[in-house]
Each structure stands twice: as structure tokens, then as C-alpha cells.
Amino acid sequence: MHLLTWTRRGLLATGTALALSFGLGLPATAQTPPGVLIVGQIAEPKALDPAAVTAVNDFRILMNVYDGLVRYKSGTLEVEPALATSWEISEDGTEYTFTLREGVTFHDGSPFNAEAVVFNFERMLNEDHPYHDTGPFPLAFFFSSVSSVEAVDDLTVKFTLSEPYAPFLSNLAYPTGLIVSPAAVEQHGADFGRNPSGTGAFTFAEWRSNEAVVVEANPDYWDGAPELQAVVFRPITDANTRTAEMLAGGIDMMVEVPPVALSQFQDDAFQVFEQAGPHVWFLILNAKEGPFADKRVRQAANYAINKEALVNDVLEGTAEVAAGPTPPAFAWAYNEALEPYPYDPEKAKELIAEAGAEGAELTFYVTEGGSGMLDPVAMGTAIQADLNAVGLDTTIETYEWNTFLGQVNPGLEGKADMAEMAWMTNDPDTLPFLALRTEAWPDKGGFNSGYYSNPEVDELLEKARVATDQDERAALYKQMQEIVQEDAPWVFVANWKQNAVTNDRVEGFELQPSFFLLLDEVSKD
């Protein structure tokens, strides 16, 4: 029997058993199929084209279907070879020459070679490329320093940069740098995101909208065939439902376990995993118009919100209060001298009065769930109460994750005064460069949805990108953090320690500081 048919029937049987068990108040009797890992995801993916998406929820699938030229070494954010076996960097830091792995083919049977690499980056970066219209490519910013990509020969590719760019290798390891099959893009065009083809450990099998994405083991994977026969990624947007399905046996793995549910997985039937990583949860403030155009009101919001209560009560101690835009997981670049804004509602009221913003009405976008968003509805409700308490009349509008991104990413102008957001990043450059620079306003292709602008911050970030000395980069990032904390374009809320839970049938799983889900060495009886 074809694995897809078997998987669908297994899922149907499991779902029926779960429905019966919940209806009777009894434990589920069905087990998920052996060799098939069923993962409870936080949302439906937006697309399966790595160049076209931004959410870790999508990345968790993509990292198992595709490879990049390089990847993060397990347990670290250090770069190691993948589809490239080695590379050389010119003395001036502007040329990277990669030697490619021989004998690798895409899942559709077409060859992986230097021309395929050129196709991938030209598709993203060259507006005249015949398949550039298969985008948009929101994280092409990662490679904005690339002037040209050249196939030197079949197994050698050279990138020429306009200037030295310190995060280049790290960005190649990020999902935006994953290599897709040119033949599949040419065949499917704008529908490639529903018909993916890479070189990874698992091959795409099926996407049933709002039900499951199914991938099957690639027996010819260059790095060794995976242990699992298939993985089924199920979107279960409601955290309570996801928890109930995990407890009842309907899923084998659950990522981003709600903090209040962690205590339910302490017996021998489950394994709980935790891993620190570069995460920051914040509120984007609309600095272009409305009350938050005044820095005093932005600072007031930081004083008004009881972040200790959010971390300890809502998040059950699974996070720490954030002091600024850079996660402390980037120890070398983190400014330890910064202290978080204290909870001081009286100070908040003073600043609001100084700005003449008493009684200001705020529209606050909250998401139902999403990558790294923790417990967004409960957090949003608590934040609303704190802001109301200092005289800011706050109204919440709640959206499903992908709809939420569709509202926030194009910018808050004319729509909202603030929005929840979380980023999980690979380099201290990534978040501020994409979300705090003037040139990263949404109309310029970035994620600065609150329209913050400070020329000094812009200059520091540009200098840090081209600095090849890590100590010099660190000094620039630390100075940037001081300015951004003072300007308060965001409310800096929390840095989270990621988690996941599996049942006791799953072996070989580890969480990664990158927040990616790597399943090629996982097994399940």
C-alpha cells in the first residue's frame, strides 16, 4: 500500500479515536503509525518555497525538504559544509568561492550543480530574471550585498559582494539560502510553493490545506537516508487543542508547548525538551502617526507594562524580561549594561501627561498564535489592562497568524497603533537590519512596520555589516542597543527558552538553537 494512503487512513483512524475518547472523557486508544512522525504545528504554512516565507513555522518543514550550501552545526549557530564541501574567501572579504558536492540530485531527478545555485540567487535578486515573479522574496535583504553569482564550472560557484558582509555565511545557512530545484520552478511557476522540490532528507508528498503537509523519506539522501518513513505536519492553531491531542496520542511531537501545559507532560510517557536560543518578543509601536509618534508615549508604554508579571505568571517562568532589541543568546554582541524598563505606572502616567496623550485611543493587533508568539492572546489581554490602567484606551483586534502577518508586515499606518511580534534569528544583524532601519520601512521591502527612523542607528548597522572583526561588530551592536532602548520603537517584553514535547516512542530528537526542526536522525517505533 502506498505510504500516503496508509498515512491518511492512519490519521483518520487516530482522529476518530480521539473524537470518541474526548466525547467519553477517556484516554485515546489509537496509536499513530510506526515510522510515521506526526507533528503538531502552530499554524498552516504560508508556502513551501524557502525564498518566499519568513515564519519559523514554515521553516520547520522546509529544513527537512531542502539543503543549503552550508548549514548550522548541530547544537550551535556555527556554520559547516552541506551542499558545498568547502569554500574560500578572498583577502578583502568580497569573494566567496564554493566547491559543490558531487552526485547530488533534486527530488525531481534534475541535477544539483553550480548553474542551479546561480538560478536560485538570480531568481531572488534579479528583477529581470524570468522567474523573479514567482516571489515575492521578503528576506532577499539577507543577500543584498551580492553583486553577482557565477558558475565557474559545474561544481564551483563564486559569489562577488559589493563590500565585505560579516553575516554572509550565516545567512546562507538560514532557510532563505536553501536551494530549490530550477526545473521544478520552471514547471510550476508561481505554484512552486505548493509543489516543492529540494535535495533534503525528505521529499514532498502532499499538502492538504488546513489538514496536513506530508513528506516521505528520501532513500538517496546524500547525508544518509532518514530513520522515519514519513513526517506529517498538522496545523493545530489552538494551543489547548494541540495539548489535548498530544496527551491523547493524536500527535507524536508538539512544538511551542504553552507554558501552562508543561506540567501535564512530566510523566514517563513524554519527553520535554528545552533549548535557549536567540528570541525576542516585543510590541511594534507605530512611530509614524498617533500617540506613539511621541517618544515619551513609547517610553511610557515600556514603563506601563508589567513584564515581570507576563514572564512569571502568563509564561510560567519560561522566559526572561527583555532589555532591548538584541537577544542575550548572542552573548558576544549583547549589551549586558542595559537594564529592562522597570514596571513604573506612575512614571508612565507622567510621560503621557507631558505628551498630552491622556485618554488616547489605541488599536492593538493581537495574533491567535504563530512562530515564537508564546501565549499571545493572554499576553495581549494583560498588556491591554496595563495600558488602560495608565490612561491609554486600548482596543484589541485579534487575527489568525497568516492573516495577522498580512496586516502587520505591510505596515501599521492607517490601521493600528501597535502589534505583537516575535523574531527568532540567526545573527545579531538580522532583526535590527530588517526591522529597525529607515531603509527597512515596508514600502522599501523591509519589516520596520512601525516606521522607526534614526540615522545614527542606520549608520551603526551599516558599519556592523561590513566589519570583519567581531570585537568591532560587537561594539557597534552594543551602541545600537543603547540608542534603540532609549528611543523605544518597541516595547521590549521577553526572551524565551524554546520547548517541545514528544511521546516515549520518539528517539533521537534534539532542539536546535536555530529554532529549526531537524528530523533526519529521529526514529519512532
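Since the model is a prediction, treat every value here as computed from it, not as a measurement.
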Cation-pi check, Arg437 onto Phe433 ring (under 6.0 Å, within 45° of axis): yes

Evaluation steps, side-chain hydrogen bond (donor to acceptor under 3.5 Å, both in side chains), between Ser145 and Arg465: CA-CA 10 Å; Ser145 63; Arg465 292 194 114 202; 5.6 Å; no

How many angstroms lie between atom [atom1] of [X] and atom [atom2] of [Y], to the nearest 0.5 angstrom?
X      : Y      : atom1 : atom2 : result
Leu125 : Ser147 : CG    : OG    : 10.0 Å
Glu439 : Leu434 : CD    : CG    : 13.0 Å
Thr241 : Ile236 : OG1   : CD1   : 7.5 Å
Asp154 : Glu115 : CG    : CD    : 8.0 Å
Ile38  : Met254 : CD1   : CE    : 15.0 Å
Gln275 : Gln498 : CD    : CD    : 6.0 Å

Taking [atom1] in [X] as the centre, count heavy atoms belonging to other residues, nucleotides or ligands within less than 6.0 Å. Is the count above 12?
X      : atom1 : result
Lys415 : NZ    : yes
Glu397 : CD    : yes
Lys444 : NZ    : yes
Glu521 : CD    : no

Does some side-chain heavy atom of [Y] sit less than 4.5 Å from a side-chain heavy atom of [X]?
X      : Y      : result
Thr398 : Thr367 : no
Val117 : Leu100 : yes
Trp423 : Trp281 : no
Val152 : Val157 : no
Met379 : Leu374 : yes
Glu368 : Pro376 : no
Leu83  : Thr199 : yes

Would you confirm whether [X], through its side chain, and [Y], through its main-chain N or O, come within 3.5 Å as a donor-acceptor pair?
X      : Y      : result
Asn195 : His188 : no
Asp504 : Phe270 : no
Glu256 : Gly372 : yes
His129 : Glu122 : no
Asp92  : Pro164 : no
Ser181 : Ala184 : yes
Asn218 : Gly200 : yes
Asn120 : Ala116 : yes
Ser90  : Glu95  : yes
Asn426 : Ser170 : yes

Aromatic rings [X] and [Y]: how do their planes relate, parallel, tilted or perpendicular, breaks at 30° and 60°?
X      : Y      : answer
Tyr165 : Phe168 : tilted
Phe515 : His279 : tilted
Tyr131 : Phe119 : tilted

Side chain to side chain contact (heavy atoms under 4.5 Å, CB included) assessment of Val501 paired with Phe273: CA-CA 6 Å; Val501 63; Phe273 300 83; 6.0 Å; no

Steps toward ring-ring contact (aromatic ring centres under 6.0 Å, His included) verdict (Phe404, Tyr399): CA-CA 5 Å; Phe404 175 84; Tyr399 297 94; 7.0 Å; no

Checking [Y] against [X]: is there a side-chain donor and acceptor pair closer than 3.5 Å?
X      : Y      : result
Tyr451 : Asp443 : no
Glu102 : Trp222 : no
Gln512 : Ser74  : yes
Tyr72  : Glu80  : no
Asp427 : Thr430 : no
Ser514 : Arg71  : no

Trace of the side-chain hydrogen bond (donor to acceptor under 3.5 Å, both in side chains) decision for Asp49 with Tyr66: CA-CA 10 Å; Asp49 180 347; Tyr66 300 93; 5.7 Å; no

Residue pair Arg505, Asp525: steps toward the salt bridge (Lys or Arg N to Asp or Glu O under 4.0 Å) verdict: CA-CA 6 Å; Arg505 300 170 64 197; Asp525 62 28; 3.3 Å; yes

Criterion side chain to side chain contact (heavy atoms under 4.5 Å, CB included) on Val213 and Val232, from CA distance to verdict: CA-CA 6 Å; Val213 171; Val232 180; over 6 Å; no

Single hit among Trp87, Phe159, Tyr96 for side-chain contact (heavy atoms from CB on, under 4.5 Å) with Leu69: Phe159

On a heavy-atom basis, which atom in [X] and which in [Y] lie closest, and how many Å separate them?
X      : Y      : result
Pro226 : Ala201 : CG-O, 3.3 Å
Met421 : Leu405 : CE-CD2, 4.2 Å
Val56  : Ser371 : N-OG, 3.3 Å
Thr318 : Trp496 : O-CD1, 3.5 Å

Ring centre gap for Tyr477 and Tyr334 strictly below 6.0 Å: no

Validation row, ring centre His107 to ring centre Phe202 under 6.0 Å: no

Candidate pair Tyr452 and Trp441, rule ring-ring contact (aromatic ring centres under 6.0 Å, His included), full reasoning: CA-CA 8 Å; Tyr452 172 62; Trp441 283 25; 9.7 Å; no

N-O pairing of Glu227 and Lys524 below 4.0 Å: no

Audit row: Thr105, Phe112, side chain to side chain contact (heavy atoms under 4.5 Å, CB included) steps and yes/no: CA-CA 5 Å; Thr105 59; Phe112 164 74; over 6 Å; no

side-chain hydrogen bond (donor to acceptor under 3.5 Å, both in side chains) between Thr156 and Asp153, intermediate numbers included: CA-CA 5 Å; Thr156 309; Asp153 58 41; 2.8 Å; yes

